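Structure first, then comments.
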Amino acid sequence: MGKVYVFDHPLIQHKVALMRRKETSVKDFRALAKEIAMLMGFEATRDLPLEEVEIETPICKTKVNMLKGEDIAIVPILRAGLGFVDGMLELVPNAKVGHVGLYRDPETHQPVEYYCKLPYDIEHRRIFVLDPMLATGGSAVAAIDFIKKRGGRDITFMCLIAAPEGIAVLQEAHPDVDIYIAAKDEHLNENAYIVPGLGDAGDRLYGTK
Ligand code: PRP
Ligand code: URA
């Protein structure tokens with residue numbers, strides 16, 4: 001079973017609290033999403049492999065550790081996953097970026113696919129799937145299904161807020177996937193929104209409501 005990592009870092013907790021507040025502006029919400037992605041990404045990339053390389057400083061030759069040509073793909077789930085991309089790219093600027101487009105049907109809450117474009121060599125890449133909200137888990141499971149169908153294997157899922165229901169569904173469907181969560185919330189309401197949550201992440205990120 002993949003690990004579930006819930007962050008207890010005070011900076012992350014504080015920034016998530018700011019994002020939850022309904023009066024937080026679109027501009028601040030976006031900036032906070034980027035900052036949290038960087039803080040989470042720092043930990044989620046902890047096990048990237050290193051290799052010893054000989055370099056020359058102005059003083060002498062020496063051996064140093066550098067990232068071992070690890071090829072990374074970042075895959076946001078549209079729309080709201082886009083809010084995490086810039087923060088992750090600050091950490092791993094050479095990563096390639098794929099996109100999976102899904103929206104939840106308002107009646108059934110089932111994910112509906114509308115777009116999928118991944119790096120051509122996705123099967124050789126370490127993949128970070130990004131989406132701020134893990135509610136029923138339907139969108140995360142469907143996105144990871146697409147990625148696996150196209151050959152992706154080494155997958156980590158990163159989200160801002162998760163409901164226990166969504167974590168269980170994702171673990172059941174994809175037990176090989178590690179899950180990084182900034183905050184684990186209480187439950188889903190009758191409209192499958194996370195409680196207390198932060199509302200509709202896409203609308204808050206783009207000001208569409
Ligand atoms: C939100 C969110 C997730 C999904 C989570 O997207 O960004 O993708 O809901 O819900 P689930 O776990 O129940 O599937 P939404 O469908 O609102 O689309 P949007 O990002 O385009 O607004
Ligand atoms: N999608 C969101 O954006 N927010 C929720 O609370 C649940 C699904």
Side-chain angles (χ1 to χ4, degrees), residues 15-16 18-41 44 72-92 95-119 122 127-147 149-150 152 155-163 165-167 169-170 177 179-183 185 188-189 191-209:
K15 289 174 192 295
V16 174
L18 292 174
M19 291 183 81
R20 291 182 189 276
R21 294 171 73 173
K22 63 180 183 188
E23 59 270 33
T24 295
S25 69
V26 169
K27 175 172 169 280
D28 289 346
F29 193 90
R30 252 183 234 150
L32 288 160
K34 178 177 175 181
E35 290 164 19
I36 292 174
M38 288 177 71
L39 293 168
M40 291 180 71
I72 293 174
I74 293 169
V75 182
I77 302 178
L78 305 179
R79 290 177 295 171
L82 290 174
F84 272 16
V85 172
D86 288 350
M88 281 297 281
L89 283 177
E90 292 277 340
L91 301 181
V92 286
K96 295 210 171 151
V97 183
H99 296 86
V100 175
L102 294 170
Y103 69 88
R104 293 201 314 179
D105 181 283
E107 303 297 325
T108 65
H109 308 136
Q110 291 303 305
V112 182
E113 180 202 358
Y114 60 90
Y115 191 74
C116 184
K117 184 90 178 173
L118 300 175
I122 192 76
I127 302 164
F128 293 90
V129 179
L130 314 177
D131 192 334
M133 309 306 274
L134 180 63
T136 65
S139 303
V141 169
I144 294 170
D145 283 343
F146 293 142
I147 294 167
K149 266 189 212 135
R150 287 161 177 81
I155 301 172
T156 297
F157 183 79
M158 289 171 57
C159 70
L160 192 63
I161 300 183
E165 296 90 327
I167 298 171
V169 165
L170 180 52
V177 171
I179 306 173
Y180 287 80
I181 301 166
D185 271 10
L188 298 176
N189 69 13
N191 297 317
Y193 273 83
I194 299 175
V195 180
L198 50 69
D200 186 301
D203 285 338
R204 298 210 54 193
L205 202 51
Y206 295 110
T208 40
K209 211 173 232 173

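Computation of the quantities below employed the complete heavy-atom set of this structure, encompassing side-chain atoms and omitting hydrogens, waters and symmetry-equivalent molecules. Since the model is a prediction, treat every value here as computed from it, not as a measurement.
Take V26 and apply the side chain to side chain contact (heavy atoms under 4.5 Å, CB included) test, not counting sequence neighbours, and it matches R30. Every residue two or more places apart in sequence or in another chain that forms a side chain to side chain contact (heavy atoms under 4.5 Å, CB included) with A37 is listed here: F84. Residues forming a side chain to side chain donor-acceptor pair (under 3.5 Å) with R104 (at least two apart in sequence, or on another chain): none. Contacts of Y180 classified as ring-ring contact (aromatic ring centres under 6.0 Å, His included), with partners at least two apart in sequence or in another chain: Y5. With sequence neighbours excluded, no residue forms a side chain to side chain donor-acceptor pair (under 3.5 Å) with Y206. For K209, the salt bridge (charged side-chain N to carboxylate O under 4.0 Å, His left out) criterion is met by D203, not counting sequence neighbours. With sequence neighbours left out, the side chain to side chain donor-acceptor pair (under 3.5 Å) criterion links E23 to R21. For the side chain to side chain contact (heavy atoms under 4.5 Å, CB included) test, residues two or more places apart in sequence or in another chain that qualify with V16 are I12, R20, I36, L160, I161, A182, A183. Residues meeting the side chain to side chain contact (heavy atoms under 4.5 Å, CB included) test with A162, sequence neighbours left out: L134, C159, I167, I181. Remark: K96 pairs with no residue by the side chain to side chain donor-acceptor pair (under 3.5 Å) rule, at least two apart or across chains.
Formation of a donor-acceptor pair under 3.5 Å by the E165 side chain with backbone atoms of L188 is found in this model.
Counting only residues at least two apart or in different chains, side chain to side chain donor-acceptor pair (under 3.5 Å) contacts with residues 132-145 comprise D145-H174. Here salt bridge (Lys or Arg N to Asp or Glu O under 4.0 Å) pairs that include residues 81-91, with residues two or more places apart or in two chains, are K34-E90.
In terms of heavy atoms, T24 sits closest to R204 at O-NH2, 3.5 Å.
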